[in-house]
Amino acid sequence: MQPQTIESGVEVQIPAGAERIRGVLHAAQRSPSPGLVLIPDVRGIWPLYRELAAKFADAGFHTLVLDIYSREGTPQLDDLAVFALIDSLPDARVVHDVAASVAYLRARPETGRVGVVGFCLGGQYATMSACRVDGLDACVSFYGMLTHRTPAPHKLPPPRETAAELRCPLLGLFGADDDLIPRADVEAFARDLAHAGKTFDVRIFEGAGHAFVNDRRPDAYRPETARIALRLAIEFLRARLA
């Protein structure tokens with residue numbers, strides 16, 4: 001029996017231990033298809049990530065956009081509050097929610113292998129999850145931070161410290177001029193992955209900084225870089241999740 005067609009862009013409830021968390025599921029046109037957990041930036045689920053999820057769905061992935069603010073509600077942020085919120089988020093809770101989302105997709109009959117993709121803060125959590133969550137078959141990080149600004153008890157060791165723990169193939173996409181992610185950190189992260197014998201591809205795009213896929217930010221958006229990076233991401237995920 002063929003799995004039933006699922007609707008696209010619909011809210012779903014994801015079991016996460018004793019709780020239920022929220023996601024938005026964008027369905028691929030064919031089933032079965034690979035699954036993909038998409039982790040947005042610090043602003044949560046907003047139109048940019050619904051649009052990106054739709055692009056990944058059009059490319060053949062059942063894409064679940066995870067709401068990392070399911071419990072408290074999406075915050076209204078000004079630029080000054082962004083870093084304070086990032087510093088305050090409990091990393092273990094977010095990684096637990098990613099694991100629940102992976103399990104949710106794997107349990108659906110129309111979904112095959114499962115990957116994770118994230119942007120900015122979501123890229124950091126994607127990489128952190130790829131070092132901790134079983135059941136992931138691929139990870140793509142768009143300009144995911146590699147270190148923490150301020151170490152704290154509720155923050156897990158960041159990607160720069162856990163390269164040897166990577167559990168699945170990784171594609172890292174970074175801008176050469178990113179003020180939040182020094183190029184030296186990216187290069188050191190790649191060296192650590194290579195030394196640990198991991199399967200990975202790290203790309204650094206010249207002339208791009210942070211958030212180069214974000215077309216709502218004229219100061220940051222680099223259309224050609226975004227096009228290339230998204231193509232690389234889709235090709236990588238197709239190869240790893242087929």
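What's counted below: heavy atoms across the whole structure, side chains too, no hydrogens, waters or symmetry copies. Source: prediction; values computed, not measured.
Taking the charged nitrogens against the carboxylate oxygens, E224 and R227 do have a contact shorter than 4.0 Å, which makes a salt bridge. Here R93 pairs with E72 in a salt bridge; the nearest charged N to carboxylate O distance falls below 4.0 Å. Ion pairing between a basic and an acidic side chain is recognised when a charged N comes within 4.0 Å of a carboxylate O; R183 and E206 show such pairing. With respect to the salt-bridge test (charged N to carboxylate O, under 4.0 angstrom), the residues E165 and R132 do not qualify.
Annotation: side chain of F61 is in contact with side chain of R238 (closest heavy-atom distance under 4.5 Å). Between L170 and K198 the shortest side-chain heavy-atom distance does not fall below 4.5 Å. Contact of the S141 side chain with the Q124 side chain is not registered, since no non-hydrogen atoms from C-beta on lie closer than 4.5 Å.
Although no hydrogens or angles enter the test, the distance criterion places no donor-acceptor pair under 3.5 Å between the side chain of D137 and the main chain of G115.
For A229 against F142, the heavy-atom pair with the smallest separation is CB-CE2, 3.8 Å.
S70 contributes atom OG, which lies 7.0 Å from atom CD1 of I45 (distance to the nearest 0.5 angstrom).
The ring pair (Phe, Tyr, Trp, His ring centres under 6.0 Å) test applied to F56 returns no partner, not counting sequence neighbours. Not a single ring pair (Phe, Tyr, Trp, His ring centres under 6.0 Å) links H148 to another residue, sequence neighbours left out.
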Could you go through the side chain to side chain contact (heavy atoms under 4.5 Å, CB included) check for T199 and R240 one step at a time?
-> CA-CA 11 Å; T199 301; R240 299 298 174 181; 3.5 Å; yes

